[in-house]
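Report on one structure; see the data block that follows.
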Protein chains: 2
Amino acid sequence: MKRKVTLKQIAKELDVSIGTVSKALRNSKEISEDTREKIQAFAKLYNYKPNNIALSLKNRKTKTIGIIIPEIVHHFFSKVIMGIEKVANKRGYNVIVGLSNESFDKEVINMEMLANGSIDGFILSISKETLLQQDYHHFKETIAQGMPIVMFDRVVNEVNCDKVIVDDFQGSKNAVKKLIANGCRHIAIITTKDYVSVGRLRTQGYLEALEEHKFEPESGLILKIVEELDAEDHLEELEREIEYLFKDNPELDGIFAVNELYALTAMKVARRLNKNIPEDLQVIGFTDGVLSKHATPGLTTVSQHALQIGEKAAELLIDKLEGETEEESYQTVVLETELIERESTK
Amino acid sequence: MKRKVTLKQIAKELDVSIGTVSKALRNSKEISEDTREKIQAFAKLYNYKPNNIALSLKNRKTKTIGIIIPEIVHHFFSKVIMGIEKVANKRGYNVIVGLSNESFDKEVINMEMLANGSIDGFILSISKETLLQQDYHHFKETIAQGMPIVMFDRVVNEVNCDKVIVDDFQGSKNAVKKLIANGCRHIAIITTKDYVSVGRLRTQGYLEALEEHKFEPESGLILKIVEELDAEDHLEELEREIEYLFKDNPELDGIFAVNELYALTAMKVARRLNKNIPEDLQVIGFTDGVLSKHATPGLTTVSQHALQIGEKAAELLIDKLEGETEEESYQTVVLETELIERESTK
DNA sequence: TTTCAACACGAAAACGTTTGCGCAACCCCT
DNA sequence: AGGGGTTGCGCAAACGTTTTCGTGTTGAAA
């Protein structure tokens, strides 16, 4: 087992100094062509590659981006990672991933673990627990120590940093307007509790669309799901709540759900209640994942362009990392959503 | 903006040597209680945390695991990552992710980038292109340099290392036997080309099950999909091929598909052809992802326990990293699959 | 008063790089 | 032959740690 070769070993073998080897390999013209070629040949033979850790220590930068997300088994988040990885790779960066599992403590611990030299900057989406507790000191301290952060999707006004979001409000509004244009008169929304910023914004979009068309918002048509735990584990409960929604509102003919799962579950319950989609009931979801695409009927949905979110976030971060200027100016990039029409609407 | 504080700064501030500070913080009894307390108080005040990079350089280990996978927007792979991250975190390791995008070159580049000191070991699943070219030199060289590798799911005999796989053969066999037990007499398989090891094994399981029941395998019932590109982008082509399968085999009453997408598409085509599931046609897929769970009808599927795969792989790797013994003994852990029955079978 | 252990701390090496600077050796010109 | 400019290379510092070893001071025992 031949361990990785270092400058020192090459130097000893060729009877020159370490510095000479380094310069020769970096094609410094301080070194004669003779020795340069000799050293380069030797290095190639032994497949020399500089040690990243040593370089990181010397340069005080790791060329690595830290990503902290609430969960990874999730189409949206994994697609964002894919976008980040894509531009990070292109620009010579690696990507290190930490999962918060929607927990405040894990978010803090993960960030502390990475903030001590392992990475140059963060790209993250805030955990639900953090949003609920509204404790953002770990973000602020990280930024204060000179480590840039780019937030995406679940962002928060209290923290001053670059952000990449989609226009949740407008996207939702457009979706609901689409339902209205398609003839729906009794439209419900299935959303989350308000502390999740995106849930709140989407609910506002829904209300605004109704208002614009002089529809009276009814509290009975607004279903806010508590998400104490992973929704996947509480499907029956979700189904029951949606069933009540249908039973309480027999005239219901349109549903806007703030995520795929809610939308799919709504369709499932509707089918059980012998409602035809899209004839009796039209459904629109949010987030264009695999579920929407392969559901039957295909789910009309508001696409968030997760890939672009990741790409943009990575670009913002790397630009900041490599920019000379120390100026503190932060931008919030808002990406437009897109309504992808499938069979769940007319 | 107060940058991170170092030992040197503390030392200067308190007018002691760097070594003293280090020892005091590590509670060495070489240092008097007085100075120890003084230094610890000061360190706490300035929130001193040792620099990971410097530690990595000194200790020659990074406490970081490199993961290379073909894609991340994929229920199976992201769930494996989740499993890896879980035990990695518990044991004090971080996780750095590289994507090969099923490309040989990207796989090589990613590995080279990480192998130069950034990580202590790899957990990976081989890209399709690599499997096709059967060029495994990058794995072998990495191992030869003393960096351990654990492979999962897509593994290969030619490389000597720890492996974690599911019993694809047995899982498939059981699935097909289930179809037979349920009364199917004309069972097709939708699989990949043979160079994908898991595809080949699953096909073998299918054949074995038929043979055990004295069914004559028919080549017309074996549909091998070419996967030059991402299947998601070639859905229509996939649908067409499956449609031919149905048309050519009117008596078809059972389908075993080696992944979720093939199974779902088969169901979709069947529905279009007015076949009822599970009355006229029973379908079983492989990989228990979100699609199977939320499809209509729910897809009976062979679960791979992705989470456990990740956990086991991480345990194997970290055990090897922290084991004193230099012994070269590799194990292949085979996890059992599980048939999850839903509505697509009787 | 001398001797010696215990104590408390500093110096320095090491991990693997890069790079500014110093310094010989050589050549050329006067 | 002496001065000045090039050429080619080595030295050493620096990044932030940890740890071994050395050393000066103290106090007590002889």
Side-chain angles (χ1 to χ4, degrees), chain A residues 3-40 42-43 46-64 113-120 145-147, chain B residues 3-40 42-43 46-64 113-120 145-147:
Chain A
R3 289 235 157 249
K4 296 232 59 142
V5 62
T6 69
L7 287 186
K8 189 194 281 200
Q9 292 165 30
I10 299 182
K12 191 158 102 187
E13 209 71 27
L14 264 46
D15 213 38
V16 291
S17 81
I18 296 180
T20 304
V21 177
S22 175
K23 287 170 186 165
L25 292 178
R26 323 197 89 246
N27 270 319
S28 158
K29 54 184 171 332
E30 231 180 295
I31 306 300
S32 75
E33 203 166 334
D34 263 14
T35 28
R36 226 189 305 163
E37 283 174 1
K38 189 176 61 178
I39 291 176
Q40 291 187 358
F42 190 91
Y46 282 87
N47 190 31
Y48 170 79
K49 295 271 167 48
N51 181 302
N52 286 332
I53 295 293
L55 286 180
S56 295
L57 184 59
K58 181 135 199 26
N59 301 330
R60 271 88 107 34
K61 45 178 86 162
T62 61
K63 291 274 195 176
T64 302
M113 208 163 158
L114 296 181
N116 300 308
S118 301
I119 60 161
D120 296 341
Q145 289 186 343
M147 175 154 310
Chain B
R3 290 236 157 248
K4 296 233 58 146
V5 62
T6 69
L7 288 186
K8 190 192 283 197
Q9 291 166 32
I10 300 182
K12 193 157 103 187
E13 209 71 28
L14 263 46
D15 213 38
V16 291
S17 80
I18 296 180
T20 304
V21 178
S22 174
K23 288 171 191 166
L25 292 177
R26 322 198 90 243
N27 269 319
S28 159
K29 54 184 172 330
E30 231 179 299
I31 306 299
S32 75
E33 204 167 331
D34 263 15
T35 29
R36 226 190 303 164
E37 281 174 3
K38 189 176 60 180
I39 291 177
Q40 291 187 358
F42 191 91
Y46 281 87
N47 190 28
Y48 170 79
K49 295 271 168 50
N51 180 302
N52 286 332
I53 295 294
L55 285 181
S56 296
L57 183 59
K58 181 137 202 21
N59 302 330
R60 272 102 129 347
K61 47 178 82 163
T62 60
K63 290 276 195 175
T64 302
M113 209 161 157
L114 297 181
N116 300 309
S118 302
I119 61 161
D120 295 341
Q145 288 185 345
M147 175 156 307

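This structure is a prediction, so every number in the text was calculated from the model and none was measured. Per chain, numbering begins at 1; letters A, B, ... match sequence-line order.
Shortest non-hydrogen contact noted between B/L25 and B/A43 is CD2-CB, 3.6 Å. What you find for A/Y48 and A/V5 is that their closest heavy atoms are CD1-O, 3.3 Å. The shortest heavy-atom contact between A/D120 and A/T62 is OD1-N, 2.7 Å. Nearest heavy-atom pair across B/N116 and A/P50 is CB-O, 3.6 Å.
Using a 4.0 Å heavy-atom distance criterion, A/T35 is classed as a sugar-phosphate-only contact. At the heavy-atom level, B/L7 lies under 4.0 Å from base atoms of the strands shown.
For B/K8, a side-chain nitrogen or oxygen approaches OP1 or OP2 of D/dC15 to under 4.0 Å. Note on B/R26: a side-chain N or O is less than 4.0 Å away from OP1 or OP2 of D/dT19. Residue A/R60 places none of its side-chain N or O atoms closer than 4.0 Å to OP1 or OP2 of D/dA14. Close to D/dG8, at under 4.0 Å from its OP1 or OP2, lies no side-chain N or O of A/S32.
Across the protein-nucleic acid pair, A/Q9 atom CD and C/dG16 atom P stand 8 Å apart, rounded to whole Å. Protein atom CG of A/L57 is 13 Å distant from nucleotide atom C1' of D/dA13, rounded to whole Å. The distance from atom CD1 of A/I53 to atom C1' of C/dT18 is 16 Å, rounded to the nearest whole Å. Following rounding to the nearest Å, A/N27 (CG) and D/dC9 (P) show an atom-to-atom distance of 14 Å. Rounding to whole angstrom units, CG of residue A/L14 and P of D/dG10 are separated by 11 Å. Per the geometry, NZ belonging to B/K12 stands 21 Å off P belonging to C/dC9, to the nearest Å. Here D/dA14 presents its C1' atom at 5 Å from NZ of A/K58, a figure rounded to the nearest Å. For the pair B/I18 CD1 and C/dA11 P, the interatomic distance rounds to 10 Å; values are reported in whole Å.
Every pair tested for salt bridge (Lys or Arg N to Asp or Glu O under 4.0 Å) that includes a residue from residues 4-20 of chain B fails, sequence neighbours excluded, so the list is empty.
In terms of modelled atom types and a separation under 3.5 Å, the side chain of B/N59 and the main chain of B/K61 share no donor-acceptor contact. In this structure, A/N52 contributes its side chain and B/M113 its backbone to a donor-acceptor pair below 3.5 Å.
Taking the side chain of B/T6 as heavy atoms from C-beta on, and the options D/dC9, D/dT17, C/dT17, the nearest nucleotide is D/dT17. Here the nucleotide nearest the side chain of A/S22, chosen from C/dG16, C/dT19, C/dG10, is C/dT19.
Of the two residues contacting DNA chain C, namely B/E30 and A/V5, the nearest-nucleotide position lying further toward the 5' end is that of B/E30. With DNA chain D read from its 5' end, the first of the two nearest nucleotides for B/A54 and B/G19 is the one closest to B/A54. Nucleotides of DNA chain D nearest to A/I31 and B/K49 differ in position, and the one nearer the 5' end is that of A/I31.
Each end of the helix from C/dT1-D/dA30 to C/dT30-D/dA1 gets its own axis from five base pairs, and the two axes differ in direction by 90°, given to 10 degrees.
The base of C/dG10 sits within donor-acceptor range of the side chain of B/K23, with an N or O pair under 3.5 Å.
Two residues are said to be in side-chain contact when any heavy atoms from C-beta on lie closer than 4.5 Å; B/Y46 and B/I10 fail this criterion.
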